[in-house]
Amino acid sequence: AQRVTQPEKLLSVFKGAPVELKCNYSYSGSPELFWYVQYSRQRLQLLLRHISRESIKGFTADLNKGETSFHLKKPFAQEEDSAMYYCALSGNAGGTSYGKLTFGQGTILTVHP
Amino acid sequence: DGGITQSPKYLFRKEGQNVTLSCEQNLNHDAMYWYRQDPGQGLRLIYYSQIVNDFQKGDIAEGYSVSREKKESFPLTVTSAQKNPTAFYLCASSLHPRGRWEQYFGPGTRLTVT
């Protein structure tokens with residue numbers, strides 16, 4: 001079974017402060033991990049994926065297999081980063097997990113001016 | 001205008017009635033998905049389809065049914081057997097069935113059953 005946990009439902013920071021949204025996962029194989037974001041009145045959309053090792057809008061996330069984590073980080077938060085963030089996992093094995101994306105519970109980030 | 005559409009935006013039904021939510025995409029994507037979004041529970045997968053005329057149950061399929069007769073369409077029926085149908089429903093599609101492919105989401109349908 002695959003499972004994603006985001007321990008913080010709400011996270012508040014001030015503009016310019018560093019921000020870290022936590023994500024832990026459980027999966028027996030080698031997972032593929034993603035962060036999706038939902039801004040106010042917009043659709044849920046992909047922010048970044050670990051296989052791309054990219055930085056999007058200043059956000060980065062590193063897969064730590066030892067700690068089974070995929071935390072999302074940004075050194076200097078901006079007000080426009082306020083949104084709901086979801087961590088998601090895709091198992092790359094076949095069988096029942098094929099094609100499935102498992103989401104965490106989500107973290108609402110609020111960046112205050 | 002390409003993308004994935006869901007209709008209607010808001011839907012109200014009486015308890016005991018079945019209701020069908022529409023999801024259409026013109027992205028030529030093979031795979032389509034239905035999720036339910038509840039506060040504090042994130043997105044939970046209801047059903048997904050990797051190709052036309054084929055679909056699989058997700059994590060919370062009980063009380064729901066789907067069909068995939070056309071590549072572009074993946075309607076979800078919420079039956080009277082679903083115990084807590086009031087929720088926000090999201091449809092998504094991806095180019096290929098593998099989970100690594102980006103999923104594109106629709107705007108959602110908020111269903112209220114009283």
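Chain letters run A, B, ... following the sequence lines, proteins first, then strands; residues in each count from 1.
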Would A:Tyr85 and A:Phe59 satisfy ring-ring contact (aromatic ring centres under 6.0 Å, His included), going step by step from the backbone distance to the final call? CA-CA 12 Å; A:Tyr85 291 81; A:Phe59 284 98; 5.6 Å; yes

Between B:Gln82 (side chain) and B:Glu62 (backbone), is there a donor-acceptor pair under 3.5 Å? yes

Closer than 4.0 angstrom, basic N to acidic O: yes or no for A:Lys73 and A:Asp62? no

Applying side chain to side chain contact (heavy atoms under 4.5 Å, CB included), run through B:Leu90 and B:Trp34 and close with a yes or a no. CA-CA 6 Å; B:Leu90 282 171; B:Trp34 273 107; 6.0 Å; no

Using a heavy-atom distance cut-off of less than 4.5 Å, which residues of residues 103-113 of chain A contact chain B? A:Phe103, A:Gly104, A:Gln105

So what's closer than 4.5 Å to chain A heavy atoms on B:Gln56: side chain, backbone, both or neither? neither

Could you have a look at A:Thr102, A:Val4, A:Leu44 and say which one has the most heavy-atom pairs with chain B under 4.5 angstrom? A:Leu44

Please work out whether the ring planes of B:Tyr35 and B:Tyr33 are parallel, tilted or perpendicular, with thresholds of 30° and 60°. parallel

Donor-acceptor pair, A:Asn64 side chain versus A:Glu67 backbone, under 3.5 Å? yes

Can you name the closest pair of heavy atoms from A:Gln78 and A:Phe76 and give their distance? NE2-O, 3.4 Å

Quick one: what part of A:Gln42 sits under 4.5 Å from any heavy atom of chain B, side chain, backbone, both or neither? neither

